[in-house]
S.K.: 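I am attaching a structure below and will ask some questions about it afterwards.
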Amino acid sequence: MDISVIVPLYNEEESLPDLHAWIKRVMDENKFTYEIIFVNDGSTDKSWKVIEELASKNPEVHGIKFRRNYGKSPALFCGFDRAEGDVVITMDADLQDSPDEIPGLYKMIMEDDYDLVSGYKQNRKQGDPLSKTIPTKLFNATARAVSGIKNLHDFNCGLKAYKNEVVKNIEVYGEMHRYIPYLAKNAGFAKIGEKPVHHQARKYGKSKFMGWNRFVNGYLDLLSLWFISTFGLKPMHIFGFVGTLMFIIGFFSVVTVGGIKLYAIMNGTPHPLVTNSPYFYIALTMMILGTQLFLTGFLADMISRSSQERNNYQISKSI
Ligand code: UDP
Ligand code: MG
């Protein structure tokens, strides 16, 4: 099979028939063999009924129905698990992403040998509120810097194409759908490209991702992703390093406090209480923090040693 199209959706009943017809038209025109996997993420409207109807008339339509709303990442995860096409394409259900982009994306994966191609909403639809566009710019700049994937402008575009082996070897969880290119890179899929795509205003329903708080969570996710990809298999390297640093600062503070005291005693001059010196408090804090960080490092090492991930390496080929 050439292509699996995965569509995560939450309350998008109006869009689904149009979307299906559009995808079908593009696929037939290009003679692709394909499947469409609709992942209904706990919709409370009639989305699932619409999917059942589509599936009863079209053998290429498959559906997965979550019992409740888990989020876009879990929906993608389950879709990825089922995908059988050589190229896997994800797209939003709201008709904002254009199925006309499918042949171009397919070509980039199959002919130009990209592992992952992300859409780039260059002509972002007009009328997007500032609370969406400004944070999006900030978000992408940070994600570029942290992930080291310098050529992506739009990490969070719902329209993306992957080699099948990519989606089988990454684990999208929580709200990590924003960072799939980073997940892919960490799994060793380095050839990541971008394609400017058409983007339209939402026709039906409303956006499920609004407001500023998602960016706080987004940054926290990015931070933990960076941490795990850098130190996940060797946590002692970070905890031990910072712990040692603190311990050294603490040690020299102790020496300073003790030295001042000793010097005064030996010279018979009146000597102040050690607790009057700021070095005393620095020494105290740093020694305690340093010890704590070391112990945390040991614990983290023990946890990572017993985790199922510990010897989970990406092997692309073996003979
Ligand atoms: N979506 C989902 N689960 C959720 C929220 C959203 O499956 O909990 C789907 C949604 O139905 C759509 C896609 O994710 O197909 C992108 O959502 P949306 O269009 O609301 O985001 P925006 O385009 O406004 O960033
Ligand atoms: Mg949308």
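Order of listing sets the numbers, starting from 1, for every ligand and every atom in it.
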S.K.: Check the surroundings of atom CE in M302: do more than 12 heavy atoms from other residues, nucleotides or ligands lie under 6.0 Å from it?
M.R.: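 No, the 6.0 Å shell around CE holds no more than 12 heavy atoms from other groups.
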S.K.: Would you tell me which option among A93, A75, S207, G42 has the nearest heavy-atom contact to atom 15 (O) of ligand 1?
M.R.: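 Shortest heavy-atom distance from atom 15 (O) of ligand 1: A93.
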S.K.: Is it true that H237 and F231 have ring centroids separated by less than 6.0 Å?
M.R.: no
S.K.: Which ligand 1 atoms are under 4.0 Å away from a heavy-atom of Q96?
M.R.: 19 (O), 23 (O)
S.K.: Among L19, D94, L9, which one has a heavy atom closest to atom 7 (O) of ligand 1?
M.R.: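 Ranked by closest heavy atom to atom 7 (O) of ligand 1, first place is L9.
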S.K.: Exactly one of K203, R202, K72, K160 should register a salt bridge (charged side-chain N to carboxylate O under 4.0 Å, His left out) with D92. Which one does?
M.R.: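 Single pass found, and it is K72.
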S.K.: With backbone taken as N, CA, C and O and side chain as the heavy atoms from C-beta onward, which portion of K208 lies under 4.0 Å from ligand 1: side chain, backbone, both, or neither?
M.R.: both
S.K.: Between N69 and ligand 1, which residue portion shows a heavy-atom distance shorter than 4.0 Å: side chain, backbone, both, or neither?
M.R.: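 It is the side chain that gets close, since no backbone atom is under 4.0 Å.
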S.K.: Output, in order, the C-alpha distance, side-chain angles, deciding distance and verdict of salt bridge (charged side-chain N to carboxylate O under 4.0 Å, His left out) for E12 and K208.
M.R.: CA-CA 10 Å; E12 311 277 7; K208 277 82 194 179; 3.1 Å; yes
S.K.: For the backbone of L273 and the side chain of S277, can you confirm whether one donor and one acceptor N or O come within less than 3.5 Å of each other?
M.R.: no
S.K.: Heavy-atom pairs closer than 4.0 Å: do any link ligand 1 to the side chain of D92, the backbone, both, or neither?
M.R.: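 Both backbone and side chain of D92 come within 4.0 Å of ligand 1.
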S.K.: Which atoms of ligand 1 are found less than 4.0 Å from any heavy atom of E12?
M.R.: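 Checking each atom against E12, I get 10 (C), 11 (O), 12 (C), 15 (O).
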S.K.: Decide whether the shortest distance between a heavy atom of G71 and an atom of ligand 1 is less than 4.0 Å.
M.R.: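 Judged by the 4.0 Å heavy-atom criterion, G71 does count as contacting ligand 1.
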S.K.: If you measure every N or O of D41 against every N or O of ligand 1, does any of those distances drop under 3.5 Å?
M.R.: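 Between D41 and ligand 1, an N or O pair is found under 3.5 Å apart.
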S.K.: Same hydrophobic cluster for V257 and I260, using side-chain heavy-atom links shorter than 4.5 Å among ILVMFWY?
M.R.: no
S.K.: Against ligand 1, does R202 come closer than 4.0 Å with any heavy atom?
M.R.: yes
S.K.: Report, rounded to 10°, the angle at the Mg ion (ligand 2) between the two atoms OD2 (D94) and OE1 (Q96).
M.R.: 90°
S.K.: Under the ring pair (Phe, Tyr, Trp, His ring centres under 6.0 Å) test against Y179, which residue among F139, Y173, F155, Y219 passes?
M.R.: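 Result: among F139, Y173, F155, Y219, F139 is the only option passing the ring pair (Phe, Tyr, Trp, His ring centres under 6.0 Å) with Y179.
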S.K.: Tell me if a side-chain donor or acceptor on S43 pairs with a main-chain N or O of N40 at a distance below 3.5 Å.
M.R.: no
